[in-house]
Number of protein chains: 4
Amino acid sequence: MTGQERKPVGRPRSARADEAIIDAVLELLATGNTADALSMEAVAATAGVGKATIYRRWPNKEALIVDAVISMKGPVPAVRGRSVRDDLVALLTRVGLHTDGRATRIIACLLPELQRNAAMHGCYQAIIEPRREVMREVLRRGVGTGELRADLDIELALALLSGPMITQNVLRWNPKLAAGGLAERVVDAVLQGIACRTGPAEASS
Amino acid sequence: MTGQERKPVGRPRSARADEAIIDAVLELLATGNTADALSMEAVAATAGVGKATIYRRWPNKEALIVDAVISMKGPVPAVRGRSVRDDLVALLTRVGLHTDGRATRIIACLLPELQRNAAMHGCYQAIIEPRREVMREVLRRGVGTGELRADLDIELALALLSGPMITQNVLRWNPKLAAGGLAERVVDAVLQGIACRTGPAEASS
Amino acid sequence: MTGQERKPVGRPRSARADEAIIDAVLELLATGNTADALSMEAVAATAGVGKATIYRRWPNKEALIVDAVISMKGPVPAVRGRSVRDDLVALLTRVGLHTDGRATRIIACLLPELQRNAAMHGCYQAIIEPRREVMREVLRRGVGTGELRADLDIELALALLSGPMITQNVLRWNPKLAAGGLAERVVDAVLQGIACRTGPAEASS
Amino acid sequence: MTGQERKPVGRPRSARADEAIIDAVLELLATGNTADALSMEAVAATAGVGKATIYRRWPNKEALIVDAVISMKGPVPAVRGRSVRDDLVALLTRVGLHTDGRATRIIACLLPELQRNAAMHGCYQAIIEPRREVMREVLRRGVGTGELRADLDIELALALLSGPMITQNVLRWNPKLAAGGLAERVVDAVLQGIACRTGPAEASS
DNA sequence: CGTTAATCGAGACGGTACGTCCTGTCTTCGG
DNA sequence: CCGAAGACAGGACGTACCGTCTCGATTAACG
């Protein structure tokens, strides 16, 4: 009565083909320039696979790229929970998904596509949002423990912390900012603020 | 007296064609989805111009897009110089180049190329860097007047301020953050910090 | 057992496309004015075929036209062998490849290329030369049977017979010469000569 | 009252430009492959002339080519009038307009255009027809003197004589036929016929 | 001797076609 | 039924000419 899943008949799909295709996509994304510069024919040739084998699994180029990117996601980072500052530094340090440079390069070339292309939101949901949720958790805990202001806008804080890291680490925005230790400096600055504590504070009110 | 430039011979290039082409590119960029989804043939057709007329002016699609985007740049915003906070709010409010929505939409679809594509760096140089320089100036002035900490890392502060605005205003990162008044909130939070002033010890008691 | 030919892999080429393309070329050649007035895009559109499908089969326009023309060739005409005169008349009558008027029109617009264009010599080899060989055979037989002079230069005779027919029937040289029955009159005149039999001395008396 | 010709005002047209253009056309026709392979831009560049200067004189490419070809025509050959045979040989020897090889090469690449292209008939009228008329004259004289049959069809005879020469000398039809002395052999064969005088003549009746 | 007006070279203009490449679908084999 | 191989219709690429058009600069004859 269930009968919803047809028993597969004939030759089963090759797992090796799946891997080869995803690998080829990631390789070409890392090598190439843009997302649309990636051609399905190149993917098929690199993977040693027929084009139909790709289209049997993914409906179009976008869906394939989304899946390829999602396949890169590592485990959601855990935090030690000792202090809010340490946890935030730990999380921001891993904004570039892996230590793997290839992943960073790939995500960089897809970030803006993320907004235009509805299909790409799959990437966002699968990879980025979970990590943001962990950070929200840490921030809420900080408010609870009194490490952070009681009236803190969690989403604003999220933007303050992740914004600089994304523009800097992923988009490589400012070459003058050394990448090393950036997470620490950002966290500290956001925690303490940049205004002068002792000086003419009234000027900024 | 300089006489270095060759006197132009033959029929001069039509200024109307220039305009029509740039207009067509901007229109199609705003309408379309991606930068490479823009086709030169569509540009020619929309502009009512032969393809050769485009290729006579720009060597390829990228160069054309770069020039079209640069053509959108308004004047570099001036600051009133009353207080650092006011100036920063004013600058960040205009991160989305114009109030013009089209420009924002276009720049959003081009940000990916900006990093990957060497040719696109022309946009960066022409549009973004001048605005960043204005902000550096304001920050340096703030250090001088004592409104900002004496040991402030200017580039870091730049990243703290512009990072959230870019990810939020241009990439439309977080739908939960209302765009209105964001600049003000970001500036205030970065100036004051998000940590609890009274210290964690008190908070935990 | 020869096994020299590689077994074909992948989807085989469509025979319908071949036909449609050749048909389109012949139609456009008959309709149009010149060989180069024929545009590949028109061929593709008329045949309902992508341009790539044409270029997959022929490297360029010339090769395509050559094959299209060759495809028109009917069977090499047979001769009855009763008398040399009858056979020659029969052969010359069919100089315009078919009774088909289209073929004649097409071949007429291609004769120029035939000499200049090395690629076009394929047409010559495939169509014209076999027919000339049949005529040579008839002439040699005539020498054997004594119907033709023993010292006859076969190639010269070939030129005497085919030359007028080509210039007249194919190039439409002289509107004053009725095309009907021309083959007969040419053969008779070439066989008998146009000089006065009784000699110039008598004629002048 | 006549006033048909407006007195020319302004700068008169340059005769040097005319020459240079015609020269360039002939040169490119002789060098190139086909009539349409000749590009107006190449003509202008070769002649060192602006394109407008060409189009001011000729309405299109065809008209220009026609005039260029006509400009090659030498004087209509005169005949000595001694014997019909000698005159015919003399005329046929000069079928290739000049001894100039370039002219022959050019006319060869234009001959078939002659039929398709209405505009090209100007060439025919200006160059070929006068020569044919001379030959008709000779043939009529031969009939009068009794050198040729009294019932000779002049147009047929014209075809018999010029046909082989055109196909052979201009279209380079048959490489086995030595070009040298061909005119003589053709004339003799056409005068005497190729049938056996003494043999089974009845076979050809 | 200056005005006038057509011509000159140069080359940009809107188009059309070229031959190449890629997309997403299809059609054949052999496994 | 899946797999590779590759053909299919369609469409964009960047180039080359077409025949027309605009430039500033010549170059004569007219006034």
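Residue numbers begin at 1 in each chain, while the letters A, B, ... track the order of the sequences.
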d(B:Leu64 CG, B:Met40 CE) to nearest 0.5 Å is 5.0 Å
I'd like to know if C:Lys51 reaches the base of F:dG11 with its side chain such that a donor and an acceptor end up less than 3.5 angstrom apart. no
Name the nucleic acid region contacted by [X], choosing base, sugar-phosphate or nothing; use a 4.0 angstrom heavy-atom cut-off, strictly under.
X: D:Ala52; value: base
X: B:Arg56; value: base
X: B:Ile54; value: nothing
X: C:Ala42; value: nothing

What is the separation between atom [atom1] on [X] and atom [atom2] on [N], rounded to the nearest whole Å?
X: B:Met40; N: E:dG14; atom1: CE; atom2: P; value: 14 Å
X: B:Asn60; N: E:dC21; atom1: CG; atom2: P; value: 18 Å
X: C:Arg57; N: E:dT20; atom1: CZ; atom2: P; value: 15 Å
X: B:Asp18; N: E:dC13; atom1: CG; atom2: P; value: 8 Å
X: D:Glu19; N: E:dC8; atom1: CD; atom2: P; value: 14 Å
X: D:Glu41; N: E:dG9; atom1: CD; atom2: C1'; value: 14 Å
X: C:Arg16; N: F:dC8; atom1: CZ; atom2: P; value: 12 Å
X: A:Tyr55; N: F:dC2; atom1: OH; atom2: P; value: 18 Å

*Is any NZ, NE, NH1 or NH2 atom of the basic residue among D:Asp18 and D:Arg57 found under 4.0 Å from an Asp or Glu carboxylate oxygen of the other?*
yes
So, do [X] and [Y] sit near enough that their side-chain heavy atoms are less than 4.5 Å apart?
X: B:Val66; Y: B:Trp58; answer: no
X: C:Asp23; Y: C:Glu27; answer: no
X: B:Leu26; Y: B:Ser71; answer: yes

Out of E:dG24, E:dT28, F:dC13, minimum distance to the side chain of C:Pro12 belongs to E:dT28
Side-chain contact check for B:Ser39: nearest option of F:dG6, F:dA12, E:dT23 is F:dA12
Judged by nearest nucleotide, the residue sitting upstream toward the 5' end of DNA chain E, C:Arg11 or B:Ala17, is B:Ala17
Next item on the list: Look at the side-chain N and O atoms of A:Lys61 and state whether any lies under 4.0 Å from the OP1 or OP2 oxygen of E:dG24.
Entry: no
*Taking only side-chain nitrogens and oxygens of A:Thr53, does any of them come within less than 4.0 Å of OP1 or OP2 of F:dA4?*
yes
Comparing A:Gly50 with C:Gly50, nearest DNA chain F nucleotide closer to 5' gives the residue A:Gly50
